There are 2 protein chains.
Amino acid sequence: MVQEPDAERVAATRDRLVTPDEATRLADLFRLLGDATRARLLYALLEAGELCVCDLADAVEVTDTAVSHALRLLRTAGIVASRRAGRMIYYRLADAHVRMLLDLSREHMREER
Amino acid sequence: MVQEPDAERVAATRDRLVTPDEATRLADLFRLLGDATRARLLYALLEAGELCVCDLADAVEVTDTAVSHALRLLRTAGIVASRRAGRMIYYRLADAHVRMLLDLSREHMREER
DNA sequence: AGAACACCTGAAGAGCTATTCATATGTTCA
DNA sequence: TGAACATATGAATAGCTCTTCAGGTGTTCT
């Protein structure tokens, strides 16, 4: 650790900063999006609205077991929601914020290069 | 792998889907935000505009070595940019998209609970 | 009831990642 | 020039994560 060239600004920044707790929750959210399989699942849901596990496995070209594991993480975190219809379970994005986040990020990606 | 209850919708979804390559790049971006230390660094920069490594280490309460490693990842990915001033190196968020992403996510977090 | 189906779960291993320690580079100032 | 400072880098280790495999639950249909 070293000295502070601008102690005031550092102090001011620390005050308005996201708390360590908030930062952890934010990082947790981002980490969940930070996997190619989960990202593809989420963007599939963003496009399709609602899909069952087998549809998702087919769209993303991953084992249904892997999809199931991935969805559990997303479900637990409240990023996706599910509904049962017969033997199938349909998944959807849980809220508008997540949709915006995914959309904005995709735009970012596409404008960059 | 199982059958497709709605083959048409799956096919349509797969077409408009983010490509595996795009998904990977998006996941790479999110993964970088998906660590509490890096998240705190980024939000510190979002608030302060520009900070040197020692300021950041102080604000986030992490070793300056750890900060340096974290910043290298963010720099390499084009998420932050740096400028040297004497022996100090000032970091800032690289573009407006990242700022929006961070801002939107924080709002999301704060509205949720 | 039993078979087929859609999905879930737990355990285990391979691979990745973050932090630390030791050391190196580049800069200022006396 | 040399000492002090700010930051960067490489190697190593501990911890986490994703996928797979094997088996389990709940549902439909005959």
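Per chain, numbering begins at 1; letters A, B, ... match sequence-line order. These numbers were taken from a predicted model, which means no experiment stands behind them.
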Give each protein N/O atom lying under 3.5 Å from an N/O atom of nucleotides 20-24 of chain C, with the pair distance.
{"residue": "C/dT20", "atom": "OP2", "partner": "B/T63", "partner atom": "OG1", "Å": "3.3"}
{"residue": "C/dT20", "atom": "O4", "partner": "B/H69", "partner atom": "NE2", "Å": "3.1"}

Please produce a list of atom pairs where a protein N or O lies less than 3.5 Å from an N or O of nucleotides 16-18 of chain C.
{"residue": "C/dA18", "atom": "OP1", "partner": "B/R38", "partner atom": "NH1", "Å": "3.1"}
{"residue": "C/dA18", "atom": "OP1", "partner": "B/R38", "partner atom": "NH2", "Å": "2.5"}
{"residue": "C/dA18", "atom": "OP2", "partner": "B/R38", "partner atom": "NH1", "Å": "3.4"}

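In this structure, CG in B/L56 is found 5.0 Å from CG in B/L51, a value given to the nearest 0.5 Å. Expressed to the nearest 0.5 Å, how far CG of A/L71 lies from CG of A/L45 amounts to 7.5 Å.
Taking atom CG of B/D58 as the reference point, atom P of D/dC5 lies 16 Å away to the nearest angstrom. The interatomic distance linking B/R72 (CZ) with D/dT7 (C1') rounds to 12 Å, in whole Å. When the C1' atom of D/dC16 is taken as reference, atom CG of A/L32 falls 14 Å away, rounded to whole Å. Atom CZ of A/R83 is separated from atom P of C/dC8 by 14 Å (rounded to the nearest Å). Between B/M88 atom CE and D/dA4 atom P the separation is 19 Å, expressed in whole Å. The distance from atom CG of A/D64 to atom C1' of C/dC8 is 10 Å, rounded to the nearest whole Å. Rounded to whole Å, the distance from CD1 on B/I89 to C1' on D/dC5 is 13 Å. Computed from coordinates, the B/R40 CZ to C/dT19 C1' distance equals 16 Å when rounded to whole Å.
Regarding contacts with the backbone of C/dC8, a side-chain N or O of A/Y91 is found under 4.0 angstrom from either OP1 or OP2. Residue A/Y90 has no polar side-chain atom (N or O) positioned under 4.0 Å from OP1 or OP2 of C/dC7.
Residue pairs meeting the salt bridge (Lys or Arg N to Asp or Glu O under 4.0 Å) criterion with at least one member in residues 26-42 of chain A, sequence neighbours excluded: A/D28-A/R31. The stretch residues 79-92 of chain B participates, sequence neighbours left out, in these salt bridge (Lys or Arg N to Asp or Glu O under 4.0 Å) pairs: B/E50-B/R83.
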### Task
Using a 4.0 Å heavy-atom cut-off, write out nucleotides 25-30 of chain D from 5' to 3' as B (base contacted by protein), S (sugar-phosphate only) or - (no contact).
--SS--

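In this structure the side chain of B/L102 reaches within 4.5 angstrom of the side chain of B/L93, judged on heavy atoms. When side chains are defined from C-beta on, A/R25 does not count as touching A/L29, because their heavy atoms never get closer than 4.5 Å. Using a 4.5 Å cut-off on side-chain heavy atoms (C-beta onward), A/R106 and A/L46 make contact. A 4.5 Å side-chain heavy-atom check between A/V67 and A/V60 finds every atom pair outside the cut-off.
Residues passing the side-chain contact (heavy atoms from CB on, under 4.5 Å) test with A/L33 are A/L42, A/I79, A/L101, B/F30, sequence neighbours excluded. For the side chain to side chain donor-acceptor pair (under 3.5 Å) test, no residue two or more places apart in sequence or in another chain qualifies with B/R99. With sequence neighbours excluded, the residues forming a side-chain contact (heavy atoms from CB on, under 4.5 Å) with B/T19 are B/D21, B/E22, listed by chain and number.
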### Message
Run the side chain to side chain contact (heavy atoms under 4.5 Å, CB included) test on A/D95 and A/V98 for me, step by step, so that the C-alpha distance in whole Å, both residues' side-chain angles and the decisive distance to 0.1 Å come before the verdict.
### Response
CA-CA 6 Å; A/D95 69 78; A/V98 173; 3.7 Å; yes

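If one axis is set at each end of the helix from C/dA1-D/dT30 to C/dA30-D/dT1 from five pairs, those axes are 30° apart, to 10°.
Of the possible polar contacts, none joining the A/Y91 side chain to the A/V53 backbone as a donor-acceptor pair under 3.5 Å is found.
When every heavy atom of A/A94 is checked against every heavy atom of A/G78, the shortest pair comes out as CB-O, 3.2 Å.
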